[in-house]
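The structure appears right after this line, and notes come after that.
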Protein chains: 2
Amino acid sequence: MNIGEVSDKSDLPPKTIRYYEDIGLVKPLRGPNGYRSFRESDMHKLAFLGRSRALGFTIEDCRNLLALWDDQDRASADVRAIAREHLEQIESKIADLNSIRDTLSHLVRECAGDHRPDCPILKKLGNFSK
Amino acid sequence: MNIGEVSDKSDLPPKTIRYYEDIGLVKPLRGPNGYRSFRESDMHKLAFLGRSRALGFTIEDCRNLLALWDDQDRASADVRAIAREHLEQIESKIADLNSIRDTLSHLVRECAGDHRPDCPILKKLGNFSK
DNA sequence: TTAGGGCTTCCACCTACTGGAAGGTCAAGG
DNA sequence: CCTTGACCTTCCAGTAGGTGGAAGCCCTAA
């Protein structure tokens with residue numbers, strides 16, 4: 001399979017696939033013309049990467065998950081540890097964003113949003129009347 | 001004021017303050033020794049930047065907000081538009097993260113997390129039994 | 001044979017900083 | 001006067017995770 005076909009099937013841009021090869025996540029073969037030649041297993045890895053990244057795992061997480069995926073003897077606890085830690089980070093991020101959203105939506109509600117120059121949003125950001 | 005004092009007061013690292021000067025967000029004076037010399041107004045701008053960034057506004061948002069802050073005649077609607085758009089992005093991000101969290105916590109709950117190799121997390125990421 | 005599309009590499013750019021090296025400046029203590 | 005150490009300066013490089021573009025092969029069909 002050439003990169004274009006893999007790109008279509010895995011729903012990853014060719015640039016990204018090349019990048020993943022650069023950083024050693026996939027190792028496609030090469031044809032005599034220098035083109036990358038992807039096996040089914042490469043395809044599966046790329047699809048795996050696409051799903052992992054969509055779940056917000058970092059590249060390093062993905063690298064570890066892939067290694068565990070390749071390892072028939074790994075304990076599921078290892079995978080679970082990565083996922084749990086990631087889950088905690090996500091929950092903390094959600095909490096941060098919720099707090100930001102509350103502040104921001106409060107400010108937006110308070111702001112008249114008309115032609116007058118008075119604006120509570122800027123007042124709050126400046127934290128003193130101007 | 002030297003950069004150290006401003007750093008303490010604004011709670012921004014010196015590196016970040018220099019960076020903000022680099023990209024034109026603040027324009028401190030210079031003393032005869034080449035040291036940056038910050039006025040009160042620079043301090044206020046930096047504090048404004050710190051709070052805006054903490055609310056997740058991008059640097060470009062901050063640049064626009066600062067310009068509006070400096071402009072006595074701006075309409076509050078302009079500020080509100082920036083804040084509203086940012087708010088929408090945050091809400092969309094929260095929705096994404098919530099969905100990711102649901103998927104992930106489901107997977108983590110399903111995973112035995114023991115010494116056995118069977119792992120539903122990897123199965124789901126690979127999307128086929130292996 | 002030529003036109004097009006696909007493939008290759010390489011280099012630069014993005015956001016928002018951060019780390020570190022090499023060196024100038026300043027105030028206090030000996 | 002000299003040293004020490006904190007503080008300041010600039011500049012270069014690197015982070016994550018790609019993306020955009022240029023220059024140049026390769027392959028197929030008309």
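In what follows, every chain begins at residue 1, and chains take the letters A, B, ... in the order their sequences are listed.
Closest to the side chain of A:Ile3, from the set C:dC17, D:dG18, C:dC7, is C:dC7. Here D:dT10 is the nucleotide among D:dT10, D:dG18, C:dC7 with the atom lying nearest to any side-chain atom of B:Arg30. Residue B:Lys15 places its side chain closer to C:dG19 than to any other of C:dA16, C:dC10, C:dG19.
The OH-C1' distance, from A:Tyr19 to D:dT15, rounds to 10 Å in whole Å. Here D:dT19 presents its P atom at 16 Å from CD of A:Glu21, a figure rounded to the nearest Å. In this structure, CD1 of A:Ile23 is placed 8 Å from P of D:dG17, rounded to the nearest angstrom. For A:Asp22 and D:dT15, the CG to P distance is 14 Å, given to the nearest whole Å. When the C1' atom of D:dA16 is taken as reference, atom CZ of A:Arg63 falls 12 Å away, rounded to whole Å. Rounded to whole angstrom, the span from the CG atom of A:Leu25 across to the C1' atom of D:dG18 amounts to 12 Å. When the C1' atom of D:dT9 is taken as reference, atom CG of B:Asn2 falls 12 Å away, rounded to whole Å. Atom CD1 of B:Ile17 and atom P of C:dA16 are 17 Å apart (whole Å).
Contact annotation: B:Arg36 side-chain N/O to D:dT9 OP1/OP2 distance is under 4.0 Å. Look at A:Arg53 and you'll find a side-chain N or O under 4.0 angstrom from OP1 or OP2 of D:dG18. OP1 or OP2 of C:dT18 lies within a sub-4.0 Å distance of a side-chain N or O belonging to B:Thr16. A sub-4.0 Å separation between OP1 or OP2 of D:dC27 and a side-chain N or O of A:Asn33 is present.
Both B:Arg18 and A:Phe57 lie close to DNA chain D; mapped to their nearest nucleotides by heavy-atom distance, the more 5′-ward contact belongs to B:Arg18.
Backbone-only contact: B:Pro13 has heavy atoms under 4.0 Å from sugar-phosphate atoms and none from a base.
For C:dG24, the base has a donor-acceptor partner in the side chain of B:Tyr35 [N/O atoms by modelled type, under 3.5 angstrom].
Using a cut-off of 4.0 Å between Lys/Arg side-chain N and Asp/Glu carboxylate O, B:Asp42 and B:Arg39 are scored as salt-bridged. One finds a salt bridge joining B:Arg30 and B:Glu21 here, because a Lys/Arg side-chain nitrogen approaches an Asp/Glu carboxylate oxygen to under 4.0 Å.
Side chains of A:Leu49 and A:Phe57 form no contact here, defined as non-hydrogen atoms less than 4.5 Å apart.
Closest of all the heavy-atom pairs between B:Leu97 and A:Leu97 is CD1-CD1, 3.8 Å.
Atom CZ of A:Arg51 and atom CG of A:Asp11 lie 10.5 Å apart (nearest 0.5 Å).
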